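Notes follow the structure.
Quick caveat, the model's predicted, so the values are computed rather than measured. Each chain gets a letter, A, B and so on, in the order the sequences are listed, and its residues count up from 1.
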Amino acid sequence: MSIELAARELPTQYDHEGAQNRWYPFWKERGYFHSEPDPDRQPYTIVIPPPNVTGALHLGHALNNSLQDILIRWRRMQGFNTLWMPGTDHAGIATQAVVERRIFEQEKKTRHQIGRQALVERIWAWKNEYEARILGQLEQLGCSCDWQRTRFTLDAVCARAVRHTFFRLFKDGLVYRGKRLVNWDTALQTAVSDDEVFHETVSGHFWHFRYSVIDPRPGEPEFVSIATTRPETMLGDTAVAVHPDPALALAEAEAELREKLAQASAKEKPALQAELEALAERRRAVLPLLVQLRDMARAGRKVRLPLLDREIPLVADEWAKPQLGSGCVKITPAHDPNDYLVGQRQNLPMINILNPDGTLNENAGPYRGLAIPEARQRVVEDLEKLGLVEKIEDREIELAHSDRSKTPIEPYLADQWFVKMDRLAQSAMDAVTDGRVKIVPPRYARGYLDWLGEKRDWPVSRQLWWGHQIPIWYAPTAGVDDLARAFAGRDDVVWRRDEEHDQWLICALEAELSEDAIPGHKLAREVDVLDTWFSSGLWPHSTLGWPEPTPELRYYYPTSVLVTNRDIITLWVARMVLLGLYNVGDVPFRDVYIHPKILDGYGEGMSKSKGNGVDPLDVIEKIGADSLRFSLAYLTTETQDVRMPVEFECPHCQALLEQTKKNRMLPRVECKKCGQSFSTQWASKPLDLALPRGAVVSERFELGRNFCNKLWNAARFALMNLEGYVPGPLDDDELAVEDRWILSRLATVTAQTTEALEGYRYGDAARALYDFAWNEFCSFYVEMVKGRLQDPAARTTAQRVLAHTLDALVRLLHPMVPFITEEVWQLLGQVAGERGLAKPDRAADSVMIAAWPEADGKRQDPQIETRFARFQEVLKALRDIRSRQNIPPKKPIEFAVCCDEATARLLGPMEPYFASMAGAKATGWGPQVKPPPSSISSRAGSTEVFVDMAGLVDVDAEKARQTKELKRLAGAIAAKERQLANENFVKRAPAEVIEKERTALAQLKQSRASAEAALAKLQTARE
RNA sequence: GGGCGAUUAGCUCAGUUGGUUAGAGCACUAGCUCGACAAGCUAGGGGUCACAAGUUCGAGUCUUGUAUCGCCCACCA
């Protein structure tokens, strides 16, 4: 069969599924993804932000990984030795919470009923399932990861890095154990970090209580008033605070308010005014009392804590704001972050009243054993009986909730492990400040520096079962000599005194210490595990084999770029920088590229916990990974997040159903149009899964789909026309005008694409290629070359340029659309195995390993591009006239162009193309051209195109158009004349700008004259 | 409360050092099955560039303020 016939049999629609199934295994089998250190080549390395194994990937991940793959594929083609390190994150608390919830739903068992070992086994099973799914999704996306190096943050290699890091930190005194107030999740019974807490407004109350002053002297108040939103915490009160200088504090508050008032808008003023008056009133009414209480506090006076009958001191502390409430505040150091600070400052006892499960402990006296809500109710009732409740207000409260269990957070005093941040944080700040790590876009550096600048110690222990167990053993009874004897000669064991608990802390590097490692004493293993960011913070070097000085570590580290989103700049990026510097002595990556976020149709970020994450799987199945990837790249611009409204496609009637907030995560949906139900990507129960599957799609991906299809058909055209292709050097003298033009454009676009990718400007690169491929290659080059492909004399050169241009285009597009470009590359290889202009070469076995095109500056030809611009203008004018006058597409027309000599010379060689592309025959061009007696005109820049109508004119339509045009011109001329009449403009604007404006005005006037003439002629024609 | 970003066509978004009366995709209208492509081709309609003031010969672009939306951080006994 001839090549042409074979090509004709290719489907007119790109078969994405076939290409994906063909080429991914092909690449993988040939080892293209794999990288080995090679000192002769320059490395280019990316470590994947390891996705959590909590669930399947969504479109946000699809974006993140597409962008990485684009960089990796592009750099690979540029000749770098590229490594893309894949893997997944155990995601400690998140994964454990998901699995615990699942077990509770299905078996009604808590983790304590199941036990540590069994639960961990269940989580491993979950991890295996989702890891496989996630890695499969990455493959479907086309990611060219080095799968042989796949890591998991909890695997043996990463575990070893964790042990070594912790050991070093412990040895250097950078990790310590201490009591701190933590966010306690009473459901999961673990501390959670600030980042795992969200606030929700709930309606609650504000209770005002009285504590009686002990032995009030004459003139002294008998009570102090305090207020709280959590009455039960009063059981843990250890003081009542009043401001040390209430007068000054009030004055300052007033001054501040006045300043605000001075700058406030009229709308805000009344409220501020009222506030100011209230403050003045307070100064009169409350201040004396506060001063008195302050003096009492200084004298060491006490109040009686009701219910528990405890004496607690009055203290003077700035935390008590005289402008708020009664001006006095109860202090519960063990259950409130601010009170905790007061407790530290004032040396107050810290009384913990809670058990880990959220019930009250023995410190709560008679309330012991009650859960918080009951305790709250009882405390209020009992205080009411004592007449100590002043009033109860309704109030909206921003209540902290755990992100994981969705239950309220209790501030809770617990022993935790911390990493000292001062030195480490500083090192990470310096790395960004001095440019060793470059954050793109640069505005994100600020948040990073601010956050690190606080240098808050990092709480790293979690009371979980899923994670890296902290390698610490407690020796409460042993003495320092026992330790020295037991671990004599071992440099893999270090110990440190824990004064607070009067015990030794022992850290072992890799060995597990047995209970009786110290003869005569019992060791207890720390049961807590490390924060998940501890192990992911090591990711860039742990995956490369650290602490071993592996060839990989030496060669690939520091990695080239980290591609991630802004949510985890502090949590993760900052930790990687400081731990990388600490462990390896160098930054983990040169660049950090922060990409946009994918938002759902309601502007909310996609996340697994919110449930609005859309699995890209439906999109890939429906329109292919290439379409998805190209669309995402096209949408990746610098400042704008990507809003991605999605729809369900009913499998019964193909209706598109909007994804609403309500239905967005439902396992089954009922079609509004046909009434039948279908399952969605969230289905998990057999009953739902049995239904036909409705895909989640978004019309926003049609851009990519249409583009891929356009590319596919351009390739089909080329293949159909490469019969008899003979490779050979190109003779520049034989190049037609369209050849020179497309080669010029190709050189420019190649440079633009490369430049855009270098600056992580994906959207620019995608746009440049989209416009070139569609509007230049397809719409003009292919159309213009058709004639020569039928002409035996011109065919060879035309084929060579066509094959070369397609070849280059496919290469440029490969990083974004890997599958279709490979498909085309392989097909092209069959008919044109050797390609290239000056000296054709055998094409690479795969476009994936083909060389990235270099912009050939010598091919850039401004003159030919100007010629094309003129040509395109005239062509558009002709088509415009044809369309407006309803001249049938096939009816030949004749036209003349009135223009200057230079333009005439440019247009001359284009004559045949007017015939082939607009069915129009030129009768003349130049300044001498006179309009035919019956003609329609259209202006294009400085030229005017006349089409000989010979009785075809639709007079009314044309008159309307010319009138409208005249109006537009009048406006434009007026604007220009105004500008040119402005003395300042003429005086100050650069000469070239003025000249440009003058020329433009002259042109506009000329256009107006011809429009008037045309209109006049139409009037006559009518009569 | 502090910080960051946004506001341009019905929708989703581009718009470079300030320089013709502002562009794309989708949607819409009209016409096209001509040997690459109807997921297409050709043409068209559609915008007071959020608002106000300022700088400038000239502002979508720079400055200030206002409004609205989103995100991050902190805090609210």
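Spacing between atom OH of A:Tyr340 and atom P of B:C75 amounts to 15 Å, rounded to whole angstrom units. Taking atom CD1 of residue A:Ile887 and atom C1' of nucleotide B:C32, one finds them 14 Å apart after rounding to whole Å. Distance CZ (A:Phe772) to C1' (B:A24): 18 Å, rounded to an integer number of Å. Summarising the geometry, the separation between CG on A:Leu635 and P on B:A24 is reported as 17 Å, rounded to the nearest angstrom. When the C1' atom of B:A30 is taken as reference, atom CZ of A:Arg882 falls 16 Å away, rounded to whole Å. Separating the CG atom of A:Leu632 from the C1' atom of B:C13 is a distance of 14 Å, rounded to the nearest angstrom. Between A:Glu702 atom CD and B:C11 atom C1' the separation is 13 Å, expressed in whole Å. What separates CD1 of A:Ile594 from P of B:C72 is a distance of 14 Å, to the nearest Å.
A distance of about 15 Å separates the P atoms of B:A50 and B:C13, rounded to the whole Å. Between B:U42 and B:A27, the distance separating the two P atoms is 16 Å to the nearest Å.
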Protein-nucleotides 18-20 of chain B N/O pairs closer than 3.5 Å?
{"from": "B:U20", "atom 1": "O3'", "to": "A:Lys976", "atom 2": "NZ", "distance (Å)": "3.2"}

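Against RNA chain B, the stretch residues 760-768 of chain A makes heavy-atom approaches under 4.0 Å through A:Arg767.
Residue-level contact check: A:Arg566 touches the backbone only, with heavy atoms under 4.0 Å from sugar-phosphate atoms and none from bases. Across all strands shown, A:Leu703 has heavy atoms under 4.0 Å from sugar-phosphate atoms exclusively, and none from any base.
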Protein proximity profile, nucleotides 36-44 of chain B - base contact B, sugar-phosphate-only contact S, no contact -, cut-off 4.0 Å on heavy atoms: BB-BSSSSS
Base-contact (B) and sugar-phosphate-only (S) positions in nucleotides 3-9 of chain B, heavy-atom cut-off under 4.0 Å, - elsewhere: SSSS---
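One side chain, A:His208 or A:Glu393, offers a donor N or O that lies under 3.5 Å from an acceptor on the other.
With hydrogens and angles ignored, the 3.5 Å screen pairs a side-chain donor or acceptor of A:Asp339 with a backbone N or O of A:Thr332. Checked by atom type and distance alone, the side chain of A:Ser627 pairs as donor or acceptor with a backbone atom of A:Ile623 at under 3.5 Å.
Pairing each heavy atom of A:Thr12 with each of A:Asn713, the nearest pair is O-ND2, 3.0 Å.
Note on ring orientation: taking the six-membered ring where Trp is involved, the planes of A:Phe630 and A:Tyr770 are parallel (angle under 30°, cut-offs 30° and 60°).
Consecutive Watson-Crick or G-U pairs involving RNA chain B, each under 3.5 Å on both distances, make up stems of three or more pairs at B:1-7 with B:67-73, B:10-13 with B:23-26, B:28-32 with B:40-44, B:50-54 with B:62-66.
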Residue pair A:Leu341, A:Arg345: steps toward the side-chain contact (heavy atoms from CB on, under 4.5 Å) verdict: CA-CA 6 Å; A:Leu341 297 173; A:Arg345 277 199 294 271; 4.2 Å; yes
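Here salt bridge (charged side-chain N to carboxylate O under 4.0 Å, His left out) pairs that include residues 709-718 of chain A, with residues two or more places apart or in two chains, number zero.
Among the candidates A:Glu390, A:Lys391, A:Arg210, the single residue satisfying the side-chain hydrogen bond (donor to acceptor under 3.5 Å, both in side chains) test with A:Ser225 is A:Glu390.
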